[in-house]
Amino acid sequence: MKNHVEARNVVKRFGPTTALNGAEIAISEGETHALVGRNGAGKSTLVSILTGLQRPDEGEVLFSGETAPALADRDAWRQRVACVYQKSTIIPALTVAENLFLNRQTTGSGPINWRALRVRAGELLETYEVDVDAQALAGDLSVEQRQLVEIARALSFGARFIILDEPTARLDGPAIERLFARMRSLREQGVTMMYISHHLDEVYEICQSVTVFRDARHIVTKTVADLPHDELVAAMTGEATAAYESRSRTPGDQVVLSGARLSLGDRYADVDISVKSGEVVGLAGSASSGKVSLAETLVGLRKPDSGTVTVNGTRVRPGDVPAAMRAGLGFVPEDRHHEGFVPLLSVGENATFPIARKLGRYGVVSPSRRRAKAEQMIKSLDIKTEGPDQPVADLSGGNAQKVVFARALVDDPTVLVVINPTAGVDVKAKQALLGAVEDAVERGAGAVVVSDELADLRICDRVLVMFHGRVVKDMPRGWTDHELVAVMEGIED
Amino acid sequence: MTAPAPRVRLARFRDLTLVPVIVLLLVVGAFLDPTFLTAGNLTNVLQQQAAISLLVLAEAMILIAGKFDLSLESTVGTAPAIAVMLVVPVSAGGFGIGLPGTLVIPLALLVGAAIGAFNGFLIIRFQLSAFIVTLAMLIIVHGFLQGPTEGKTLFQLPDSILYLGSAMWLGLPAAIWISAALFAVGIFGLGYLRLGRALYAIGGNAEAARAAGIRVDRVLYGVFILGGTLAALAGILETGRLGAIGNNQGVGWIFMVFAAAVIGGVSMDGGKGTILGALTGVLVIGLVQNILTLIGVSGFWQPVIYGAIILIALMISRIAGGKAQD
Amino acid sequence: MTAPAPRVRLARFRDLTLVPVIVLLLVVGAFLDPTFLTAGNLTNVLQQQAAISLLVLAEAMILIAGKFDLSLESTVGTAPAIAVMLVVPVSAGGFGIGLPGTLVIPLALLVGAAIGAFNGFLIIRFQLSAFIVTLAMLIIVHGFLQGPTEGKTLFQLPDSILYLGSAMWLGLPAAIWISAALFAVGIFGLGYLRLGRALYAIGGNAEAARAAGIRVDRVLYGVFILGGTLAALAGILETGRLGAIGNNQGVGWIFMVFAAAVIGGVSMDGGKGTILGALTGVLVIGLVQNILTLIGVSGFWQPVIYGAIILIALMISRIAGGKAQD
Amino acid sequence: GSGASTGAGESGGGGGKVGIDHPRADSDFWNSYIKYVPQMAGELKVDLMPATNSQNDVAKLVNNVQALTGQGAKVIVMAPQDTGAVANTLQQLENKKIPVVTVDTRPDKGKVYMVVRADNRAYGTKACEFLGEKLGGKGKVVQLQGALSSINGRDRSEAFLECMKTKFPGITVFSEPTEWEGSKAASMLQTRLEQNPDIKGIYMHAGGVHLAPTLQVLKQKGLLVPPEDPKHIFVVSNDGIPQEFESIRKGDIDATVSQPADLYAKYAVYYAKAAAEGKTFQPGPTDHDSTIIQLPNGLEDQLPAPLVTKENVDDKSLWGNQVK
Ligand SMILES: Nc1ncnc2c1ncn2[C@@H]1O[C@H](COP(=O)(O)OP(=O)(O)OP(=O)(O)O)[C@@H](O)[C@H]1O
Ligand SMILES: Nc1ncnc2c1ncn2[C@@H]1O[C@H](COP(=O)(O)OP(=O)(O)OP(=O)(O)O)[C@@H](O)[C@H]1O
Ligand SMILES: [Mg+2]
Ligand SMILES: [Mg+2]
């Protein structure tokens, strides 16, 4: 079968980092081809080269055997390839409709017919079953809604080649299912796709062949059938890696985190939650169930309309993050780019902000003590970085997420709240992060895990399921995926 | 899900948060001085704001595209002055090149466009900070007025450059028609043309705009060049209104220009705001100035009242707009 | 993978991209005028820059925290003037309140702090655009100098306010020592203090800073208040140097302040730059001014040369710094 | 002028170098002054250092003076637009025994060798008297002020208002602070004429910036008519630049106060040379139609500033008729 897309011997450097080092990929006509690799393996960099956003330092890109168009010729690129980038390309100040049809609001050069555009956008959203108002400002959408808009846009171009870079990292189960249904029907129409994900089971579900990158190089390309799960992981990590086994434990008696009668607007109402030392409590729910808002309230990022939060025996002022942290709380926020890290500051500094006061006297932060602490965190979380002085902006997504984890764990918290902890994180890192949560709990902390990923919830001793802003069920360990999803969707109570 | 209708109305409405302020100013003005609400006085306000409003138009576009241009104010004096000096004889302060007088307007526009292009070159090509580049250019461009004229006012101007700023068309000053027409084009262009929408995309997220196939650099060059050209046109209108090109023409305008754009809802961070909003900002500033002149507030305290009114307008536009400003 | 060491060194080095420019200016200056490299002249340069450098220090901190303050320049005149008017008798232009003369410096600093606090209040509490708030405040604060003095210069000043700006300590003007000491504190504070690092976090990503347990609003208030206080101190130094408080004290400084900060590597977008870099920016500006004065470039063309040098310094700092500016 | 020095070179004539700072370069008056200075220095054979320009900023003025003395100036000529804030500088110059000639403004404090200026208050009074008489002591006039923070603007404004109040109480004055900006002047005048169509007189503080905008507004309103016409508005300007004279000849405006840019330059240089040579002066009339008066901190030579009307507008001795 002939190659629809091919990249040969691509080299791309960013300053001292080599993101791609003689990497290659060949995708046959009509297949859905997975690209997997650990965080920082160079997947997104290849995407930007395949979509003409960046010029490779060496190597070439071919479409159906022909050399790729010049970088300046954006129209030619857009005819050849559509893409859902890992980084959001939604423009918050514009409406959903305009975002969907950015730079193609009209076909000709005449004035834009907004009414028609709205209708077209509405149809498009309906086709892809995205439940958002075409006229809403994109900035008002939730993270997952934005992702859906982005996907709908990429799929709507009618391009013969579509790249999806971690489209499911922010989606819940039903949305993922809808996306896959769509992808299958596109494949039936002969569309070629490249699919990037850290959810390896998705690779087996939707892709025909898979390419593995490791350390900026091409490792292997095979059909999925020829590359069982273990071998795939081994190819990614360069070593045999066992699947994650969640540990069992007995929670203590002491309640370390509790929320009582919490309510906030139309997000959640009258919620009680309590977490004991040595216990992991999961918070599950479908989109807009209010679970994230609740978790953000527990850590002080949001102020509830009513109710109280008690951390480690101290009643903290609502909406006061520093107070909660001082009481012994550490947390990982939902969106690392938004609240997780300061991109220009170093890994060391980002990781140690909560303990800055402990790194020196009289308000002074000792750089050497900071570096020492940071190196310890880098080691314990296995963060792939040049060192504590590298800006977080230069790290790959998964490694940046580990820095956010480092920040949450650096003060040995008694309470750990993590929201979508493994979003966009590779298999091995995922294990490391979940392991870090469990380690903290074994040291006596209580933890709350908020996640759309059932795998994350596996480590929980019990899972609270939210539906329309209320806790509808408390499920102890031992649930099956099907049971949990049914409760989340409100099908069964 | 919310019905779409109310949201549209609200979004539209957001451009017009200053309308109550304008109404209030009209009422207060009428109350304070009987002359205020006369056709003659309101025409004067419009005429006085015509030139500066073109700068606001230019700056609003540049801000929406996520950039910045302080040097526009210097172009207001320098562009027409250089054009005039290319045309008039040495005895009238010219360079002695003696190009035909009919060329003076195109020449002025060309000088403005060239200044804009140079700004664009430095900012886009060299990726320098737009604020500081155009700050330096503000100084340099003004120097190109001061240097050749040696600080003197140019009094002997060709008639053609005086015409637009002083003529009356259909009973109203031509300057009002011109700036109204350009605002109409601006409102339409940024509201309904793909190129205009591209400014919002670039200002909102330049990477995303590039990914969507917008030729970001080219559009930005265009915006800077258009900005410089509009500033030159503002200079031509002002020259006609004042009958001479003084060394201070345009100096100090830029602050008012920013104030008008921002209270009119244009964000300093790019990607937000409309030309209609900017227009309401210009009107507020113009009305405030007019009222202060009419009631004759002491010159010493005038700035305090003036600044306070800008702050109040800012708050109203913030509260009515409902979003944090940047 | 590359060893971390070179990167650190490079980052350190980035603060000092203007050092070659300074060396070049010293060489060129020495070449152009024999007076230039004398101890007396260089002391003069430092003394002349002492007051404005405090504004650069203040603005650099505010910019690093991701905000903006234009009104600093007005505080330079207004803060000491109001303090003086609270102290001196009516015959000397005072309010007739007659507070003791020894209070004049604390009063001036207090006025500066109050202006900063009010800026902070509007910007943080009401979430208004810092650019426009402080622009309006620039006008208003200056009005509070012009209004009570009715435009007149205050020249009967208590000795205490004159001392700092005119005294000599160890053979050098006190102003140089003071501003050197404050820069040293600033360099240390922003480099090694928790609070200083918090400015970078806030400017780099305010949401993340909040999530990391930094009291963002409180720190920002502090920065604005500190900025106002430093501007007042600059005003005190300037008052001592000039021996009177004119109505234009500080007016027009702010552009130079921004130019110095930005060519010194401080980003207008927040989170980037160092106090040491800002200091090199001040020195470049001061040396350029001094050289232009010494060689007596025509006043008409001076701005062009001046602006061009800012552009060149900007390019050097861009090329040496290696990153796009914002 | 007097003086016996010959030879133009370094430290020629037993005097020494004269450092001169110009106050600003953005008005026609000062530009004429700036052009006259080297010309007069050539005539008087004064060793002038390259001039500095303080761009209307007293802080720059102080820096410039420091640089000039650093470079060896023995006499300083300056025109401080902020008359208070130069006190320290004057003190320092006195300590260094460097005499100072100030032009146009009279420092509030600090020793000066000679102040060379015309009386700005007299400008305001002359304008007031002219307008008062033309209007017959009643009606409304507009005063387009300079910047209120400049001493000259304030002097003109205060003297004009004071004279109106005492001599022509029947006249209403509207004062418009234009910050020396043509644009503001045009807007304010236009608004005021709309509000009070019966305004009959205008006093402009600076012809260089106010003349063209005023004429333009009057033209637009159809008020640019000969003095005989009842609609005529009497306009008095200030500065004495050639364009004002031309407008007087055409009948567009009625008078101007000629601020003697040439004499300013000439006597600035003259007294600088005299100071360098160690000469001293006494209060009393001079040989050039002026009077030297005693100030607490020095002397002041009050140069004549004639009111120019249609009658004397062609007088060859007016500086505005000498520039080409
Ligand atoms: N703009 C950039 N500047 C500097 N380094 C970069 C840049 N973009 C990517 N890198 C580096 O290049 C390497 C590859 O990054 P890339 O984003 O391609 O990884 P990835 O495989 O997509 O990882 P993830 O699964 O976490 O998304 C990383 O080490 C990253 O730090
Ligand atoms: N910016 C917003 N403005 C107004 N309402 C919002 C906003 N964001 C979310 N909501 C509403 O608040 C409620 C709870 O949202 P929340 O984000 O907490 O849900 P969630 O459980 O986190 O959902 P998901 O799993 O999709 O992240 C929903 O009804 C949602 O529509
Ligand atoms: Mg990636
Ligand atoms: Mg959510």
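Residue numbers start from 1 in every chain, and the chains themselves are labelled A, B, ... in the order their sequence lines are given, proteins ahead of strands.
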### Query
side chain to side chain contact (heavy atoms under 4.5 Å, CB included) between C:Tyr192 and A:Val364: does it pass, once the steps are laid out?
CA-CA 6 Å; C:Tyr192 296 97; A:Val364 178; 4.3 Å; yes
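When each of C:Gly203, C:Ala201, C:Ala206, C:Gly189 is checked for heavy-atom pairs under 4.5 Å with chain A, C:Ala201 comes out on top. Annotation: maximal heavy-atom pairing with chain C below 4.5 Å, among A:Pro367, A:Gly300, A:Ser346, A:Gly330, occurs at A:Pro367.
When all heavy atoms of C:Ala211 and A:Arg407 are compared, the pair lying nearest together is CB-NH2, 3.5 Å. For C:Arg215 against A:Ala323, the heavy-atom pair with the smallest separation is NH2-N, 4.0 Å. C:Gly204 approaches A:Pro343 most closely through the heavy-atom pair O-CD, 4.1 Å.
With sequence neighbours left out, the salt bridge (charged side-chain N to carboxylate O under 4.0 Å, His left out) criterion links A:Arg317 to A:Asp320.
Heavy-atom distances place the side chain of A:Glu349, and not its backbone, under 4.5 Å from chain C. For chain C, the nearby part of A:Arg326 is the side chain; its heavy atoms alone come within less than 4.5 Å. Contact of A:Leu345 with chain C is made through the side chain alone, with heavy-atom distances under 4.5 Å.
Separation of atoms CG (C:Leu195) and CZ (A:Arg357) is listed at 10.5 Å; rounding is to 0.5 Å. Rounded to the nearest 0.5 Å, atoms CG (A:Leu301) and CD (C:Glu207) are 8.0 Å apart.
Judged as a ring-ring contact (aromatic ring centres under 6.0 Å, His included), the pairs with a partner in residues 339-386 of chain A (not counting sequence neighbours) are, in order, A:His337-A:Phe341.
Inter-residue side-chain proximity for C:Arg194 and A:Leu359 is flagged as unmet; no heavy-atom pair is nearer than 4.5 Å.
One finds no salt bridge joining C:Arg210 and A:Glu339 here, because no Lys/Arg side-chain nitrogen approaches an Asp/Glu carboxylate oxygen to under 4.0 Å.
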